[in-house]
S.K.: 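Before anything else, here's the structure in question.
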Amino acid sequence: MYMDKWGILYCPKSGYGSQKFRDRVEKSLKENGVDYDLVQSENSGSVDRLVKMLINNGYKTIVIVGGDSALNDAVNCLMAVDKDTRDQIALGVIPHGVMNDFAKFWEMKENEVEQNVKWLKSRRVRKIDLGCIRYTNREHQKCHRYFLNCVNVGFIAAIMNLRRKTRHFLGSRTLSFFFSFLLLVFQRLEYKMKIKINTDTIDRKVMTVCVGSARGYGQTPNAVPYNGWLDVSVVYHPEMFQLFEGIYLFVRGKFLNHKSVHPYRTEEVNFESTNNAMVGIDGRLMKSPVGPFKVTVEKEVINFLIPA
């Protein structure tokens, strides 16, 4: 049992001076008198195994040095254990990913390692919500997956998938978004969907839907991961000029101002049909659910270390 020792999972980024960043993290931990054990993931597939190892070995503070995908794996590991065990663990992050939007929600920046370590050491814990998508896979098995940021269905899911890949080469999140958009602009832009949100039924062609527990990469900018609600943005297919206007507003953080965007707030969204639209979860493309699926909110289920 490691009551006071931190379990650190370091998730390197290839080609981004990752060893120097790890050295900087360890230097800051030592300067702040943090007792820790550090393990490093070999690839994205090893994150799940290593988080489970930290949980099973009794670490009560687990810090992910990585991005949204690694955090997503960590919260899903925590949700797989019993509530008593989970309630004793606090999860923290030192942002170092291709996409760090959940850390940015708390105003934690990748280049401010020393400040992030000091915030984590202050141990200010907040219970946060998670979203959950429940679906049937291609093997007809009932499955579920938790998320911190959002689930995207449709056009933006495809862009987010390309954005993740192009960010490795372009560095800038804005440039990678525009480049991804240009690659997709002449491809399929809308899907016939049937969606139930509160008392409304949407049965028409839809460009994209975002269900956010947090800001949803700019698509649900008013969502917060501690109010017990999901924010939903449904985007109908705009004209080409309006589409470029929407991209501009997205980058400026004013996505909801576009007249093709229809916002909702709810505890549950039922997707009865999506016409095989792509589905992304926390910026990572997932295997599309087969048939209907549901997105719900799990209230105050994770202890998260936030800035003091």
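Residues take their numbers from the sequence shown, with the count starting at 1. Quick caveat, the model's predicted, so the values are computed rather than measured.
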S.K.: Where the side chain of Arg22 meets the backbone of Tyr10, is there a donor-acceptor pair that is under 3.5 Å apart?
M.R.: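 Checked: no pair found.
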
S.K.: Suppose we screen for side-chain hydrogen bond (donor to acceptor under 3.5 Å, both in side chains). Which residues come up paired with Lys121, at least two apart in sequence or across chains?
M.R.: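 Partners of Lys121 by the side-chain hydrogen bond (donor to acceptor under 3.5 Å, both in side chains) criterion come out as none, since no residue qualifies.
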
S.K.: Provide the full list of ring-ring contact (aromatic ring centres under 6.0 Å, His included) pairs with a residue in residues 271-292, sequence neighbours left out, each pair given once.
M.R.: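 Matches after skipping sequence neighbours: Phe271-Phe293.
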
S.K.: Of all residues at least two apart in sequence or in a different chain, which pass the side-chain contact (heavy atoms from CB on, under 4.5 Å) check with Arg24?
M.R.: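 Counting only residues at least two positions away or on another chain, Arg24 forms a side-chain contact (heavy atoms from CB on, under 4.5 Å) with Val113, Glu114.
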
S.K.: Between the side chains of Asn72 and Asp68, is a donor N or O closer than 3.5 angstrom to an acceptor N or O?
M.R.: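 Absent: no donor and acceptor within the cut-off.
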
S.K.: Is the backbone of Lys109 close enough, under 3.5 Å, to the side chain of Glu112 for a donor and an acceptor to pair up by distance?
M.R.: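 The answer is no, because no donor-acceptor pair under 3.5 Å joins these two groups.
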
S.K.: Please, which pairs that meet salt bridge (Lys or Arg N to Asp or Glu O under 4.0 Å) have at least one residue in residues 269-278, sequence neighbours excluded?
M.R.: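 Output for this query lists Lys194-Glu272, Lys196-Glu272.
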
S.K.: Should Lys192 and Asp203 count as an ion pair when the cut-off is N to O under 4.0 Å?
M.R.: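 Salt bridge: yes.
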
S.K.: Check the pair Tyr135 / His144 against ring-ring contact (aromatic ring centres under 6.0 Å, His included), numbers first and verdict last.
M.R.: CA-CA 6 Å; Tyr135 63 98; His144 66 276; 8.6 Å; no

S.K.: Answer yes or no: is there a donor N or O on one side and an acceptor on the other, between the side chain of Arg124 and the main chain of Pro307, under 3.5 Å?
M.R.: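 Confirmed, Arg124 side chain pairs with Pro307 backbone.
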
S.K.: Using side-chain contact (heavy atoms from CB on, under 4.5 Å) as the criterion, list what pairs up with Asp82, not counting sequence neighbours.
M.R.: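 Residues passing side-chain contact (heavy atoms from CB on, under 4.5 Å) with Asp82: Asp84, Thr85.
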
S.K.: Please lay out, stage by stage, how Ser41 and Arg49 fare under the test side-chain hydrogen bond (donor to acceptor under 3.5 Å, both in side chains).
M.R.: CA-CA 9 Å; Ser41 63; Arg49 171 178 58 82; over 6 Å; no

S.K.: Can you confirm whether Glu42 is buried at CD, in the sense that more than 12 heavy atoms of other residues, nucleotides or ligands lie under 6.0 Å from that atom?
M.R.: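 Result for CD/Glu42: enclosed.
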
S.K.: Would you give the length of the straight line joining atom CD1 of Ile89 to atom CD1 of Ile302, rounded to the nearest 0.5 angstrom?
M.R.: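 These two atoms lie 8.5 Å from each other.
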
S.K.: For residues 138-155, which residue pairs pass the salt bridge (Lys or Arg N to Asp or Glu O under 4.0 Å) check, not counting sequence neighbours?
M.R.: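 The answer is Asp73-Arg145.
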
S.K.: So does Lys13 pair up with Glu110, basic N to acidic O under 4.0 Å?
M.R.: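 Here Lys13 pairs with Glu110 in a salt bridge, since their nearest N and O are under 4.0 Å apart.
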
S.K.: Go through Tyr217 and Asn152 one step at a time and tell me if the side-chain hydrogen bond (donor to acceptor under 3.5 Å, both in side chains) criterion holds.
M.R.: CA-CA 10 Å; Tyr217 303 99; Asn152 286 300; over 6 Å; no

S.K.: For residues Val234 and Val261, determine if any side-chain heavy atom of one lies less than 4.5 Å from a side-chain heavy atom of the other.
M.R.: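 No, too far: nothing below the 4.5 Å cut-off.
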
S.K.: Does Asp87 have any side-chain contact (heavy atoms from CB on, under 4.5 Å) partners at least two apart in sequence or in another chain, and if so, which?
M.R.: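 Asp87 satisfies side-chain contact (heavy atoms from CB on, under 4.5 Å) with Lys83, Lys127 only.
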
S.K.: Could I get the full list of side-chain contact (heavy atoms from CB on, under 4.5 Å) partners for Asp129, not counting sequence neighbours?
M.R.: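 In terms of side-chain contact (heavy atoms from CB on, under 4.5 Å), with neighbours along the sequence ignored, Asp129 is linked to Ser213, Asn227, Val297, Lys299, Glu300.
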
S.K.: Quick one: list whatever passes ring pair (Phe, Tyr, Trp, His ring centres under 6.0 Å) with Tyr36, sequence neighbours left out.
M.R.: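 For Tyr36, no residue satisfies ring pair (Phe, Tyr, Trp, His ring centres under 6.0 Å) once neighbours in sequence are set aside.
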
S.K.: Under the salt bridge (Lys or Arg N to Asp or Glu O under 4.0 Å) rule, what pairs show up with a residue in residues 212-227, not counting sequence neighbours?
M.R.: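 As it turns out, there is no salt bridge (Lys or Arg N to Asp or Glu O under 4.0 Å) pair with a partner in residues 212-227 once direct neighbours are skipped.
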
S.K.: Holding to side-chain hydrogen bond (donor to acceptor under 3.5 Å, both in side chains), I want the full list of residues that pass it with Asn270, two or more places apart in sequence or in another chain.
M.R.: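 Partners of Asn270 under the side-chain hydrogen bond (donor to acceptor under 3.5 Å, both in side chains) test: Glu268.
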
S.K.: Using modelled atom types and a 3.5 Å cut-off, is there a donor and acceptor pairing between side-chain atoms of Thr136 and backbone atoms of Pro289?
M.R.: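 Not at all, since once roles are kept as given, no pair shorter than 3.5 Å links the two residues.
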
S.K.: Would you check if the side chain of Asp48 reaches a backbone N or O of Cys77 as a donor-acceptor pair within less than 3.5 Å?
M.R.: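 It does not hold such a pair.
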
S.K.: First locate atom CG of Leu78, then atom CG of Leu54, and finally report the distance between them rounded to the nearest 0.5 Å.
M.R.: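 Leu78 CG to Leu54 CG: 10.0 Å, rounded to 0.5 Å.
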
S.K.: Which residues pass the side-chain hydrogen bond (donor to acceptor under 3.5 Å, both in side chains) test with Glu31, not counting sequence neighbours?
M.R.: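 Partners of Glu31 under the side-chain hydrogen bond (donor to acceptor under 3.5 Å, both in side chains) test: Lys27.
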
